Structure formats: structure tokens, C-alpha cells
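Down below is the structure, laid out as C-alpha cells.
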Protein chains: 2
Amino acid sequence: MSSLQEPTPIVRRPLHEEAADRIRDLIVQGQLAPGTRLNERLLTAQFGLSRTPLREAFKVLATEGLVELLPNRGAIVSQIDTVRLAETLAVMGALEALAGELACRNATDAQLNEIRALHYEMRAHHARGDLAGYFKFNQAIHLKIVKYSGNAVLNTTYRQMNGYVRRARYMANLSRERWDAAVREHDEILAALGARDVKRVKALLSDHLAHKLASVLAELGRPVAEQAA
Amino acid sequence: MSSLQEPTPIVRRPLHEEAADRIRDLIVQGQLAPGTRLNERLLTAQFGLSRTPLREAFKVLATEGLVELLPNRGAIVSQIDTVRLAETLAVMGALEALAGELACRNATDAQLNEIRALHYEMRAHHARGDLAGYFKFNQAIHLKIVKYSGNAVLNTTYRQMNGYVRRARYMANLSRERWDAAVREHDEILAALGARDVKRVKALLSDHLAHKLASVLAELGRPVAEQAA
DNA sequence: GTTTTGTATTCTGCATGCAAAATGAGCTCT
DNA sequence: AGAGCTCATTTTGCATGCAGAATACAAAAC
């Protein structure tokens with residue numbers, strides 16, 4: 001038992017995972033607005049499976065925080081409440097600072113070049129004033145930095161939080177000033193990463209996220225600014 | 001509808017939550033060793049419920065990382081692998097540094113006094129050489145700091161990771177030197193917290209966790225030390 | 001006109017049933 | 001004795017059924 005055992009480990013993917021992925025995408029991409037009720041009968045019909053695996057998916061999404069389970073009243077897409085959003089961004093700041101530190105140490109040059117490429121793509125969209133395109137590459141850069149930290153736990157934790165926060169991106173209606181500033185911050189982050197300057201990367205990422213948090217909070221005008229980093 | 005509506009919101013707790021809690025406790029407290037198979041029939045008999053809610057609980061525990069789901073082969077208590085342990089501790093270090101910072105700002109004096117009390121209890125157990133008692137209060141202190149950060153997302157994230165890590169505590173067979181050093185570090189942390197010295201608390205907690213990580217890794221003798229903070 | 005009450009319908013929570021996959025025991029063949 | 005095969009048993013994955021809770025709606029009371 002050595003070479004030709006399993007070219008492809010053909011184990012059918014459990015239905016509940018499939019369902020969880022599909023619903024997660026719908027939520028994260030904003031197709032299912034916060035507060036929307038997730039009707040079991042409806043979704044089973046739509047996905048072509050029975051209630052059991054669907055309900056299992058609900059449980060998973062609930063522990064991920066994307067869905068809220070009301071006893072005897074089913075599941076709703078969780079509200080994006082301001083406090084939780086701020087809290088999540090604060091935590092993501094800490095995570096990303098760590099990610100930057102580790103990426104400085106562990107990322108290969110090729111990986112840094114990948115990030116660099118994404119950065120220039122992002123700048124291109126910024127130059128054109130294409131906000132949606134900008135967001136896409138911005139996201140990709142941050143996810144890559146976290147990924148190339150080489151810490152899998154960090155990666156999954158971050159991605160999960162990102163799923164929650166991402167839905168709020170249209171809420172922060174990003175002023176032109178903030179947008180330009182964010183791009184400049186990215187320039188600096190990239191430079192520091194290239195120089196493998198741990199301390200600087202860490203500080204820059206921490207600040208970057210703090211600014212993002214501040215801009216989101218400003219946009220939402222809530223007086224919860226105190227408890228953020 | 002104002003005053004006498006719901007003295008206690010008597011909504012029966014879903015069975016799957018109950019089950020998840022019970023199994024989680026068994027795993028975290030080490031009564032269910034890593035690798036143990038979780039037989040559905042057995043557990044349903046033991047808990048007095050049917051397979052459906054039990055399986056829902058499995059899904060939750062799986063997303064929490066305490067249980068591994070093998071398609072068509074059921075659930076096993078997840079192994080504590082060294083790499084993941086190290087990665088988790090690194091992330092917890094970042095989280096706890098943030099927690100310390102926020103606690104400095106947000107914790108009330110009464111809350112700091114609570115932590116202080118726990119600290120002296122811990123010292124008492126250390127003085128007696130009572131390792132189990134020491135661990136208990138040590139845990140409690142760290143959890144309180146995180147809790148009094150006032151950031152709920154941080155709190156739940158930290159607690160979840162702690163659940164995974166806690167099972168490994170007996171693995172790190174803590175030398176007397178490291179034990180003494182840890183206690184001294186706690187002294188300093190407490191002092192800095194009392195002085196509300198954000199920068200210092202942050203640094204101390206970060207170092208404290210890094211030392212813990214190093215000691216665990218040393219004990220386990222794995223060459224994964226590079227990728228930690 | 002508004003609120004309350006009664007009732008029908010829908011939906012959730014959980015148990016159970018059934019088919020497919022995995023495990024294990026015994027057997028055969030080398 | 002050990003490796004491979006067959007078949008019975010166990011176990012998982014999923015669908016469905018049923019009871020109770022929640023919701024919706026309409027008629028009645030104020």
C-alpha cells in the first residue's frame with residue numbers, strides 16, 4: 001500500500017457542508033440581507049435536499065456568527081450591529097498585525113511578489129475610481145498577507161471574521177480622502193513587507209485597521225469609539 | 001406590555017446545545033481523550049436524546065475545532081497536534097495583548113480588584129506547590145482580563161481557542177523555573193494593569209504568552225519554533 | 001376604529017426509518 | 001502463518017413523520 005491508493009480520495013462531500021457554503025456565500029455577498037428569515041421548506045426546495053442536513057448547516061453558520069438561531073422560530077441572517085462590527089474590526093486589527101509580523105518572517109519572495117501584483121491591480125482600480133474593483137483587490141491583499149503568515153489557525157479565524165465584516169463594506173461609504181489615504185497606507189505596508197521590517201509592518205497594519213475601524217464608526221456615527229483600539 | 005411580561009424567558013433550551021455543552025466539557029476537561037471515537041448510538045443512550053440533535057451538536061463542535069468529522073466514519077475528538085497548538089498560542093498571544101490594552105482602558109477598579117484577588121489566590125497555590133490549583137486561578141485571571149476588555153467578540157474567540165489549548169496543559173510539564181518565572185510575570189502584569197499602563201501591559205502579556213508557547217514547544221521538542229511569534 | 005380572542009395554518013424540534021458505506025469475522029488459498 | 005476475499009453486522013447520512021410552538025387571520029367585543 002504505497003503508490004496507487006487514492007489518486008483522488010473520492011469521498012462525497014456531505015450535503016450539509018455544501019449547503020453551508022452556499023448559504024454562507026449568499027450572506028457574505030449580501031444577497032441575503034441581514035434580518036432575512038431562512039425558511040427551511042423554501043431552502044430545501046431550492047437546494048434539493050432535506051431538512052436534516054440544512055438544519056445542520058444552520059448550526060454551523062450560527063457558530064460562525066452569520067446566522068442567528070431563534071428557538072422555535074428558526075434562523076435569520078444575523079444583523080450587522082455596530083458594536084459587534086467595531087469589536088470585530090478591533091480583533092482583526094490585532095490578528096492582522098500578527099499576520100504581518102509572521103509574513104515578514106515566513107513569506108517567500110515569490111509570495112511577496114504575488115501580493116505586490118495584487119497591490120498594483122488595486123492601484124489601477126483606484127486610479128480609475130472603480131470602488132468595487134478596488135475592494136476586491138484590497139480584500140485579496142489582506143487575505144494573502146494573513147495566508148502567507150503560515151499560521152493556519154490565524155488564517156481561518158481571520159477569514160471567518162472577514163465574512164462577518166465584509167457584508168458591511170457598503171455601509172462605510174468611504175470618502176475620497178479616506179480612500180486615498182488607505183491606498184497610501186497600502187504603499188507603505190508593501191514597502192515595509194518588501195524590506196521585511198517586522199516592527200514597521202506590524203505598526204502599519206495595526207494603524208491601517210484602526211483607521212478603517214474609525215472610518216466605519218464615523219460613517220455609522222455611533223458613540224462606541226471608546227472601546228476600540 | 002411593560003412590566004410583567006417575562007420574569008424568566010422560559011424558552012426551553014434546544015437539545016443540541018445541551019449536548020454540545022456536555023460534550024465540550026468532557027473534551028476540554030480531558031475526560032474524552034483526543035482520538036476517541038464519538039459513537040452516536042452510545043451517546044444518544046447516555047444523554048437520552050435522539051441522533052438528530054446529537055449530530056447537530058457534532059457539527060458545532062467541529063467548527064469549533066474540538067471534534068473532527070470523518071465523512072461516513074463519524075466524529076472523533078480532534079488530536080492536539082503540535083503545530084496547531086503552537087499556532088493557536090501565537091494567535092492567543094495577539095488576542096491577549098489586545099485584551100490587556102482594552103482592559104487597561106475599560107475595566108473598572110472593582111474589576112481590577114477581582115483580578116487582583118484571583119492573583120493572590122494563585123500565588124497561594126504556587127507557594128504551596130499546588131499545580132492544579134495554580135492552573136485553575138491562572139486560567140481564571142487570563143479569562144477575566146479578556147472578559148474585562150469589554151470586547152465580546154474578543155472574549156468568545158479567546159475562550160474558544162482556550163478550549164482547544166487547555167487540553168494540552170498537562171503536556172507542558174512546567175519546570176519549577178518556568179513556573180516561578182510565570183508567577184513573576186503575573187506580578188508585573190498586575191502592577192501594570194493597576195497603573196493602567198497600556199503599553200506595558202500589552203508588552204508583558206505578549207511576552208508572557210510567547211514564553212508559554214516556547215515552554216510548550218520545548219516540552220514537546222518539535223522544531224516548529226520558527227513560525228511562532 | 002381599535003383591541004382582543006379564537007382558530008386554522010405554517011413552521012420548527014426531534015424521533016425514527018431506510019439505504020449506502022464502513023467495519024470486522026470467518027473462510028479460502030497460497 | 002499470512003494475505004486476500006466474502007458476507008454479516010454495525011454505523012453513518014439523509015429523508016420523512018409527528019407533536020408542539022408560533023404565526024396569521026378573522027370574527028367578536030369594547
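The structure presented is a predicted model; accordingly, all values stated were derived computationally and were not measured.
If you measure from atom CZ of A:Arg13 to atom C1' of D:dC14, you get 16 Å, rounded to the nearest angstrom. Going from atom CD of A:Glu56 over to atom C1' of C:dT12 covers 15 Å, rounded to whole Å. Between B:Arg37 atom CZ and D:dT10 atom P the separation is 14 Å, expressed in whole Å. As a whole-Å value, the separation of B:Leu69 CG from C:dA21 P is 18 Å. For the pair A:Asn39 CG and D:dT23 P, the computed distance is 13 Å after rounding to whole Å. B:Leu42 places its CG atom 13 Å from the C1' atom of D:dT10, with the value rounded to the nearest Å. We find that CG of A:Leu70 is positioned 21 Å from P of C:dT10, with the value rounded to whole Å. Here the P atom of nucleotide D:dT23 and the CG atom of A:Asn72 are 9 Å apart, to the nearest Å.
Checking the phosphate oxygens (OP1, OP2) of D:dT23, a side-chain nitrogen or oxygen of A:Arg73 falls inside 4.0 Å. OP1 and OP2 of D:dT16 both lie 4.0 Å or more from every side-chain N or O belonging to A:Arg55.
Side-chain contact of A:Arg51 with B:Thr52: a donor-acceptor pair under 3.5 Å is absent, judged by distance alone. B:Gln111 and B:Asn106 share no side-chain donor-acceptor pair at under 3.5 Å. Between the side chains of A:Asn138 and A:His125, no donor N or O sits under 3.5 Å from an acceptor N or O.
A:Leu54 comes within 4.0 angstrom of nothing in the nucleic acid, heavy atoms only. If you check every strand for non-hydrogen atoms under 4.0 Å, B:Arg41 touches sugar and phosphate atoms only.
Along DNA chain D, the nucleotide nearest B:Thr52 and the nucleotide nearest B:Leu38 are compared for position; the residue whose nucleotide lies closer to the 5' end is B:Leu38. Heavy-atom distances to DNA chain D give each of A:His16 and A:Arg51 a nearest nucleotide, and the one nearer the 5′ end belongs to A:His16.
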Check against side-chain contact (heavy atoms from CB on, under 4.5 Å), A:Tyr164 and B:Val153: CA-CA 11 Å; A:Tyr164 181 82; B:Val153 173; over 6 Å; no
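Using a cutoff of 4.0 Å between basic side-chain nitrogens and carboxylate oxygens, A:Asp81 and A:Arg84 are not scored as salt-bridged.
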